[in-house]
Amino acid sequence: MALRRALHFVFKVGDRTKTATFYRDVLGMKILRHEEFEEGCKATCNGPYDGKWSKTMVGFGPEDDHFVAELTYNYGVGEYQLGNDFLGLTLQSSTAVSNAKRLGWPLTEVGEALYLTQAPGGYPFYLVDKEQPPSDPVQKVCLGVSDLQRSTHYWTALLGMKVMEKNEEKKTVLMGFADTQCKLELRDIGGTVDHGTAFGRIAFSCPRDQLPDLEALMKKENQKILTPLVSLDTPGKATVEVVILADPDGHEICFVGDEAFRQLSMVDPKGNDLLDKAMSEDKSDEWFAKHNRQKAAA
């Protein structure tokens with residue numbers, strides 16, 4: 001399945017300004033593109049919300065050869081409840097570590113040349129204190145599972161990933177579609193996976209003609225399909241086709257047709273300015289304060 005690629009992880013963010021500071025100034029990522037939407041996404045990219053929202057793609061380089069973050073911001077929601085589903089994103093960058101120290105961003109040393117920090121909202125990030133590689137610094141995403149054997153079978157036998165490393169002591173399995181891509185690590189948490197309201201989604205691409213076969217396989221295996229094959233429009237940009245799945249623990253998985261996605265995901269030189277403009281024009285906090293109300297806590 002070398003034709004399949006790891007693309008991004010979707011994070012719901014309640015504070016867009018603090019979140020932008022973390023990704024840009026602490027991690028040193030770039031804004032790849034920014035889009036505003038007046039109503040909810042057909043594939044619930046922004047969660048189960050119908051109102052105005054925005055999507056910001058941020059990473060160390062283009063999504064063609066980097067694993068990036070998709071930040072979804074719902075204008076009326078100020079915070080989300082974390083579960084035990086997302087266990088961390090690991091990246092290698094001594095620059096990010098020094099940025100965090102310089103900016104006073106909390107860091108906890110958890111191993112040799114390894115620091116734990118948190119993005120706004122409480123999402124854990126692990127920073128390897130070594131020189132940033134010329135390739136993608138993002139190494140892996142870790143998700144909690146309730147039955148490691150069952151989940152490993154799902155991700156390998158049904159989705160085509162290959163196992164790269166097993167650690168019996170830590171109860172983890174590291175897998176991926178290719179050695180050069182960001183890996184997925186599954187960790188057995190010994191209990192039920194709670195997704196809270198902050199639950200994310202991991203996205204992969206595959207050749208467009210594999211999408212119907214993937215959907216048919218999931219039906220045949222009685223696996224959950226959250227969104228059958230559907231086209232998603234982005235104003236002024238390429239229309240993509242996606243299938244949204246859920247693994248045995250309910251982790252959301254998006255597969256998107258690669259050909260159109262490569263067009264959609266092209267870096268927008270105006271992305272940074274568009275995000276700054278949207279943040280400066282966002283008066284939702286002031287509106288809630290003026291009306292003596294608080295944004296919803298999801």
Side-chain angles (χ1 to χ4, degrees), residues 7-63 66-80 89 96 99 103 105 118-123 125 138 197-201 203 232-240 242 254 256 260-261 263-291 293-298:
L7 300 176
H8 57 255
F9 195 86
V10 182
F11 296 97
K12 295 188 186 74
V13 304
D15 188 326
R16 197 164 47 171
T17 304
K18 276 186 186 169
T19 298
T21 298
F22 175 73
Y23 283 93
R24 288 194 291 203
D25 301 342
V26 178
L27 298 186
M29 289 184 175
K30 299 179 181 70
I31 305 300
L32 305 175
R33 63 184 198 277
H34 176 82
E35 292 143 7
E36 296 279 329
F37 301 88
E38 291 301 320
E39 56 186 29
C41 169
K42 281 194 287 187
T44 62
C45 309
N46 60 315
Y49 307 100
D50 292 332
K52 185 177 178 181
W53 66 288
S54 74
K55 175 200 295 184
T56 308
M57 308 303 293
V58 56
F60 287 104
E63 214 162 348
H66 291 75
F67 189 84
V68 312
E70 176 178 317
L71 311 176
T72 63
Y73 170 71
N74 291 291
Y75 276 77
V77 184
E79 61 179 298
Y80 300 89
L89 183 150
N99 286 345
L103 295 168
W105 202 275
Q118 288 184 347
Y123 301 108
F125 277 67
V138 179
T197 57
F199 63 90
R201 173 182 289 175
L232 300 181
D233 298 323
T234 299
K237 297 190 178 179
T239 295
V240 297
V242 304
C254 172
V256 58
F261 186 78
Q263 296 177 43
L264 174 67
S265 63
M266 289 173 66
V267 177
D268 181 356
K270 299 176 184 169
N272 203 60
D273 291 343
L274 288 171
L275 172 61
D276 285 341
K277 180 172 182 283
M279 290 193 299
S280 70
E281 292 176 355
D282 181 3
K283 306 300 181 190
S284 56
D285 285 335
E286 293 168 29
W287 186 92
F288 278 91
K290 181 181 173 185
H291 291 81
R293 291 169 60 187
Q294 286 189 315
K295 281 189 177 182

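Scored by the ring-ring contact (aromatic ring centres under 6.0 Å, His included) test, F11 finds F9, F86, Y123, F125 as partners (sequence neighbours excluded). Residues satisfying the salt bridge (Lys or Arg N to Asp or Glu O under 4.0 Å) criterion with R33, sequence neighbours excluded, are E35, E63. Not counting sequence neighbours, the partners of A260 by the side-chain contact (heavy atoms from CB on, under 4.5 Å) test are V240. With sequence neighbours excluded, no residue forms a ring-ring contact (aromatic ring centres under 6.0 Å, His included) with F199. Residues meeting the side-chain contact (heavy atoms from CB on, under 4.5 Å) test with T44, sequence neighbours left out: R201.
At least one side-chain heavy atom of D282 sits less than 4.5 Å from a side-chain heavy atom of Y73. A 4.5 Å side-chain heavy-atom check between V10 and T72 finds at least one atom pair inside the cut-off. Annotation: side chain of V68 is in contact with side chain of L32 (closest heavy-atom distance under 4.5 Å). Two residues are said to be in side-chain contact when any heavy atoms from C-beta on lie closer than 4.5 Å; M266 and P62 fail this criterion. You'll find the side chain of K12 stays beyond 4.5 Å of the side chain of W53, heavy atoms only.
To the nearest 0.5 Å, atoms NE2 (H8) and SG (C254) are separated by 6.0 Å. To the nearest 0.5 Å, atom CE of residue M279 and atom OG1 of residue T19 are 9.5 Å apart. Between the CG atom of L71 and the CD1 atom of I31 there is a distance of 7.0 Å, given to the nearest 0.5 Å.
Of all heavy-atom pairs between A278 and R16, the closest is O-NH2, 3.3 Å. Across Y23 and A69, no two heavy atoms sit closer than the pair CE2-CB, 3.9 Å. Heavy-atom minimum distance, L232 versus V242: CD1-CG2, 3.9 Å. Heavy-atom minimum distance, C45 versus E70: CB-OE2, 4.2 Å.
For K237, the NZ atom is densely surrounded, since the number of other residues' heavy atoms within 6.0 Å is greater than 12.
Checked by atom type and distance alone, the side chain of D268 never pairs as donor or acceptor with a backbone atom of H34 at under 3.5 Å. With hydrogens and angles disregarded, a donor-acceptor distance shorter than 3.5 Å links the side chain of D15 to the backbone of K18. Checking side-chain atoms of N99 against main-chain N and O of D25 turns up a donor-acceptor pair under 3.5 Å.
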Going by atom type alone, with no hydrogens or angles, which donor-acceptor pairs under 3.5 Å involve a side-chain atom of residues 270-277 and a protein atom two or more places apart or on another chain?
residue	atom	partner	partner atom	Å
N272	OD1	R24	NH1	2.8
D276	OD1	R24	NH1	3.2
D276	OD1	R24	NH2	3.0
K277	NZ	E281	OE2	3.2

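The distance between the ring centers of W105 and F22 falls below 6.0 angstrom.
Note on ring orientation: taking the six-membered ring where Trp is involved, the planes of Y49 and Y80 are perpendicular (angle over 60°, cut-offs 30° and 60°).
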